[in-house]
Amino acid sequence: MATPLLVDTDPGIDDALALLAAWNSPEVVVEVVTTVAGNVTVEQATTNVCRLLALRKPDPAPVVAIGAPDPLARQLVTATRYHGADGLGDLDDWPAVGRGELAAAVPLILDRARRQQRLLTIVALGPMTNLALALKADPAAMKFVGRVVAMGGAVDVPGNVTPAAEFNMYVDPEAAHRVLAAGLSLDLVPLDATRQAVLPRAGLKKALSRAAGPLAARITAFSDRAFRIDHAGGAQGMVLHDPLAVALAIDPTLAQWEAVRLEIGPEGETRRARGDPNCRVAKAIDTARFLRMFLDRLCPPPRRRASS
Ligand code: BDR
Ligand code: CA
């Protein structure tokens with residue numbers, strides 16, 4: 001049976017790639033997508049989820065719910081320099097999308113936690129504000145969640161916002177603290193692991209050429225900005241932070257894990273601490289196997305019309 005996923009996200013170029021790969025992964029079914037403020041405002045993140053749904057039309061379509069507009073205790077800091085003002089590379093030709101009436105993220109997270117219990121995996125690809133609010137509202141319900149896989153942190157490597165802090169943790173450290181303190185089954189996917197998940201541009205080009213069509217063209221267009229910025233920063237391709245978290249939700253054997261106790265510093269630093277572990281952290285990853293899996297799933301070839 002496919003594992004039900006609830007993806008909490010702030011698209012974001014790498015979030016978009018993560019969603020597209022998840023929507024084409026038979027081991028899981030993305031039943032819910034909740035949005036959160038992070039890379040962009042929560043309004044823009046929600047528009048971006050709707051854009052991706054209209055582009056890919058996953059079957060079954062997930063329920064979309066809108067989440068927190070602000071971190072728990074501080075002002076939102078976005079990452080539009082990297083992702084573009086609209087979060088998806090600032091292309092000027094996205095078709096307009098309607099949103100209709102959207103559910104609210106926190107009650108939906110709690111509802112799914114109560115109903116699906118251990119079956120549910122939550123994949124958190126942005127700041128952990130929605131999860132922290134759900135924990136505050138009903139900690140007992142959140143204990144039912146089978147597994148939480150969260151992209152965030154920089155444990156034994158430098159951060160990407162400050163020398164020691166990674167973006168998702170930096171944006172909402174109070175939320176991260178609450179999630180780490182909650183006793184959840186938490187698998188953290190920090191920069192230590194994601195910096196090994198580098199996709200060369202030629203690899204993407206080759207994979208998309210096997211699936212040429214409007215989806216492939218759109219992926220090429222919106223990911224161009226991330227390639228340019230990552231290359232300028234010295235990487236050999238795009239760093240696939242959020243796609244790695246989705247891949248590890250599907251197949252934890254792609255990484256070696258270490259059980260650790262982490263505490264969150266005032267700027268979102270993820271520091272090792274004494275005491276019982278409060279999460280597992282992804283360390284070494286099987287990069288070749290991850291990239292193969294990701295590229296196989298990102299962009300299915302367009303369906304051929306039946307010949308008459
Ligand atoms: C994380 O920050 C965001 O910009 C990315 O989407 C990813 O979730 C990496 O630090
Ligand atoms: Ca993200």
Side-chain angles (χ1 to χ4, degrees), residues 5-22 30 33-42 44-49 51-52 67-68 71 76-90 105 122-131 148-173 175-176 179 187-199 222-223 225-230 233 235 237-249 264 267-270 281-282 285 294:
L5 288 194
L6 184 155
V7 180
D8 187 67
T9 181
D10 59 339
I13 294 171
D14 62 326
D15 301 74
L17 298 176
L19 281 170
L20 290 168
V30 182
V33 178
T34 52
T35 58
V36 67
N39 288 323
V40 286
T41 64
V42 74
Q44 185 64 47
T46 307
T47 297
N48 290 347
V49 167
R51 285 170 165 178
L52 294 163
L76 176 64
V77 176
T78 60
T80 50
R81 192 195 67 81
Y82 182 88
H83 296 275
D86 79 340
L88 289 180
D90 283 341
I122 295 180
V123 185
L125 304 179
M128 293 200 262
T129 320
N130 289 336
L131 299 196
V148 176
V149 182
M151 191 282 132
V155 179
D156 299 319
V157 299
N160 59 0
V161 182
T162 72
E166 178 279 334
F167 178 77
N168 290 337
M169 297 294 189
Y170 176 82
V171 172
D172 199 343
V179 171
D187 284 345
L188 207 61
V189 184
L191 297 180
D192 310 52
T194 64
R195 287 199 177 118
Q196 300 163 56
V198 176
L199 171 66
F222 76 66
S223 50
R225 182 184 178 101
F227 275 109
R228 276 191 281 114
I229 295 178
D230 282 346
M238 188 199 308
V239 186
L240 295 178
H241 304 286
D242 293 341
L244 180 64
V246 162
L248 293 179
I264 306 295
E267 300 293 308
E269 302 88 346
T270 37
V281 165
I285 71 157
F294 171 72

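Note that ligands are numbered from 1 as they come in the structure, with each ligand's atoms numbered from 1 the same way. Note that the structure is a prediction, hence the values are computed from the model and not measured.
Considering backbone and side-chain N/O of Ala79, none are found under 3.5 Å from N/O of ligand 1.
Contact of the Met151 side chain with the Leu191 side chain is registered, since non-hydrogen atoms from C-beta on lie closer than 4.5 Å. No side-chain heavy atom of Phe294 sits under 4.5 Å from any side-chain heavy atom of Leu244. Side-chain contact check for Asp187 versus Leu248: every heavy-atom pair is 4.5 Å or farther apart.
In this structure, a donor-acceptor pair under 3.5 Å is absent between the side chains of Asn160 and Tyr170.
Each of the following atoms of ligand 1 lies closer than 4.0 Å to a heavy atom of His83: 3 (C), 4 (O), 6 (O). Below 4.0 Å from some heavy atom of Met151 lie the following atoms of ligand 1, by number and element: 1 (C), 7 (C), 8 (O), 9 (C).
For atom 2 (O) of ligand 1, the nearest non-hydrogen atom of the protein is Phe167 CD2, 3.4 Å. Ranking the protein heavy atoms by distance from atom 1 (C) of ligand 1 puts Glu166 OE2, 3.3 Å first. Atom 6 (O) of ligand 1 has its closest protein heavy atom at Asp14 OD1, 2.6 Å. The closest protein non-hydrogen atom to atom 3 (C) of ligand 1 is Asn39 OD1, 3.1 Å. Annotation: atom 8 (O) of ligand 1 to nearest protein heavy atom, Asp242 OD1, 2.7 Å.
The distance from the Ca ion (ligand 2) to the nearest N/O/S atom of Leu125 is under 3.0 Å. Counting backbone and side-chain atoms alike, Asp14 contributes no N/O/S atom closer than 3.0 Å to the Ca ion (ligand 2).
The Ca ion (ligand 2) is closest to atom OD1 of Asp10 (considering only N, O or S atoms). Looking only at its N/O/S atoms, Asp242 has OD2 as the one nearest to the Ca ion (ligand 2).
At least one donor-acceptor pair under 3.5 Å links the side chain of Asn48 to the backbone N or O of Pro11. Checked by atom type and distance alone, the side chain of Asn39 pairs as donor or acceptor with a backbone atom of Asp10 at under 3.5 Å. With Glu166 contributing its side chain and Gly152 its backbone, the two residues share no donor-acceptor pair below 3.5 Å. At least one donor-acceptor pair under 3.5 Å links the side chain of Asp230 to the backbone N or O of Val239.
When heavy-atom distances to ligand 1 are checked against a 4.0 Å cut-off, Asp15 comes that close only through its side chain, counted from C-beta outward. Only backbone heavy atoms of Leu125 (N, CA, C or O) come within less than 4.0 Å of ligand 1; its side chain stays farther off.
Taking every heavy atom of both residues into account, Arg195 and Gly159 meet most closely at NH2-O, 3.3 Å.
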